[in-house]
Protein chains: 2
Amino acid sequence: MDTVTDTLRTDILSGRFEPGDRLLEIQLSDHYDCGRDAIRSAFVALTTEGLVQREENRGATVRRISLTEAIQITEARSVLESLIAARAARIATPEDHNELLEVIAQMRNAVAKNNGAEYSELNGVFHRRLREMSGHEIASQLVENLRNRAAHHQYRLAVMPGRSADSLEQHAAIAAAVVAGNEDAASAAMGAHLQSVIDVLKRWGDLPASPSQQHKTQETD
Amino acid sequence: MDTVTDTLRTDILSGRFEPGDRLLEIQLSDHYDCGRDAIRSAFVALTTEGLVQREENRGATVRRISLTEAIQITEARSVLESLIAARAARIATPEDHNELLEVIAQMRNAVAKNNGAEYSELNGVFHRRLREMSGHEIASQLVENLRNRAAHHQYRLAVMPGRSADSLEQHAAIAAAVVAGNEDAASAAMGAHLQSVIDVLKRWGDLPASPSQQHKTQETD
DNA sequence: TACTCTGGGATTGTCGACAATTCTGTCGAC
DNA sequence: GTCGACAGAATTGTCGACAATCCCAGAGTA
């Protein structure tokens, strides 16, 4: 039903449209081969998701997220993903445990090969599987949305030298706590992980983003 | 711009439309004196907010929130409002402190008068002011949305005998921690408060809601 | 009786046209 | 040269009409 909305969302997240870009109804309805209705509908949905900004009679643009907003988004993610980690630690099955450890092993491998793209991909898998095994629909939906909103900022972390090594150990700690069934430790490990993301964002400050970044399908933190 | 969306939202939250009610486009566009476009647009927005459910070619209905979903919503609220409370404890001004204590005094007065409606109102004010003084836009928006989603369930708490007294002391503890500038205590007090809400929801089970409740503008927890 | 098929009515989905608004570039006055 | 007024273009907002789909009642059949 909302296939146009989904397509536009992924196109925004993938960097096809950059923050500040104008989104013209006719142009998009032509590009996606659909009516203006579908585009307008997508604008409304993506506006409430925080990805698009609309102004009366002036059209829609890709929303620009400030650094302070990105930090707040990560703070919210921190408490929600901590809840998810605790929940996963409580109810994950042995199969879940194996899968989690397997992902960690692959991440370790990717770091050894210095393959940033693969690491980012695995990172996304790790968090997504944790959400799924937590069974917490509400928190998962909110986190997914928050990740999307800050995608542009998170991307910077992917290209930060030495970041992967730190990130890897943090993820390993989360996985260990979940496997041990220790809710508090899982929650704390996830909190520490995202706190380090916040620290990096803060340290980064408002340095200009590296200019040439086309394929922004990566997700890293 | 989205005035129709706002009106429909408040009409859903106020109980004018109940969970499961069909929302007919023509009927609503006639009632709100607007075009079908505006109604459809409102449906899209409220769907992503979780208040409305749409099915292809079958129209929109007011979303029905299950008890387990209401519990998850409150759990998510718990961690987010804890973050807000901690933040408020850190940066609230002396004027904020006075205002918070003033609201608590009024709540105590409302409990003494056994005025449930006034207590609910003040409860809403308390949480809203806390959000505002936290300065955490992201968490505030999420909490507001979560409160809306679970509004129907929260309402039950309002009419629970003896609930106000417990609730009052919990709020007083939150206020005291914020005034003391103790982030951890504020966070913990807020967590304890919402945990007690969760406990009540769980204890409540799936008992039928009391039948005749027209004015559902109250918000209580 | 139970089941299937079919038609009409009601509702949503989609398209096009036109009005309303904003934006852009040009011209003239000072 | 700078500023404001103004016309034309571009874009969004809104309405109506029609197509597509679903729902339900009723006829027909085994």
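Sequence lines set the chain letters: A, B, ... in the order given, protein chains first and strands last, and positions in each chain run from 1. Every value quoted in this text rests on a predicted model; they were computed, and no experiment measured them.
- For the segment residues 49-62 of chain B, residues with any heavy atom less than 4.0 angstrom from an atom of DNA chain C are, sorted by number, B:Asn57, B:Gly59.
- By the side chain to side chain contact (heavy atoms under 4.5 Å, CB included) test, A:Asp21 is found to be paired with A:Phe17, A:Glu18, A:Val62, residues two or more places apart in sequence or in another chain being considered.
- Neither side chain, B:Asn123 nor B:Ser120, offers a donor N or O lying under 3.5 Å from an acceptor on the other.
- Residues from residues 30-42 of chain B placing a heavy atom under 4.0 Å of any atom in DNA chain C, listed by number, are B:Arg36, B:Arg40.
- Shown here are the side chain to side chain contact (heavy atoms under 4.5 Å, CB included) partners of A:Thr7, two or more places apart in sequence or in another chain: A:Thr3, A:Asp11, A:Tyr32.
- For A:Arg131, the salt bridge (charged side-chain N to carboxylate O under 4.0 Å, His left out) partners are A:Glu144, not counting sequence neighbours.
- The partner of C:dT11 is D:dA20, judged by Watson-Crick or G-U wobble contacts that both fall below 3.5 Å.
- Ion pair B:Arg54/A:Asp2 flagged as a salt bridge, since at least one NZ, NE, NH1 or NH2 atom sits closer than 4.0 Å to an Asp/Glu carboxylate oxygen.
- Nucleotides of DNA chain D lying under 4.0 Å from heavy atoms of chain B occupy a range whose first and last members, 5' to 3', are D:dT14 to D:dC23.
- A:Arg147 is listed as a side-chain neighbour of A:Glu81, based on a closest heavy-atom distance under 4.5 Å.
- B:Asp199 and B:Gln195 are linked by a side-chain donor-acceptor pair at a separation below 3.5 angstrom, with hydrogens and angles left out of the test.
- A salt bridge is defined here as a Lys NZ or Arg NE, NH1 or NH2 lying under 4.0 Å from an Asp or Glu carboxylate O, and A:Arg40 with A:Asp37 fails to meet this definition.
- Using a 4.0 Å cut-off between charged nitrogen and carboxylate oxygen, B:Arg63 and B:Glu69 count as a salt-bridge pair.
- Between B:Pro19 and B:Gln53 there is no side-chain heavy-atom pair separated by less than 4.5 Å.
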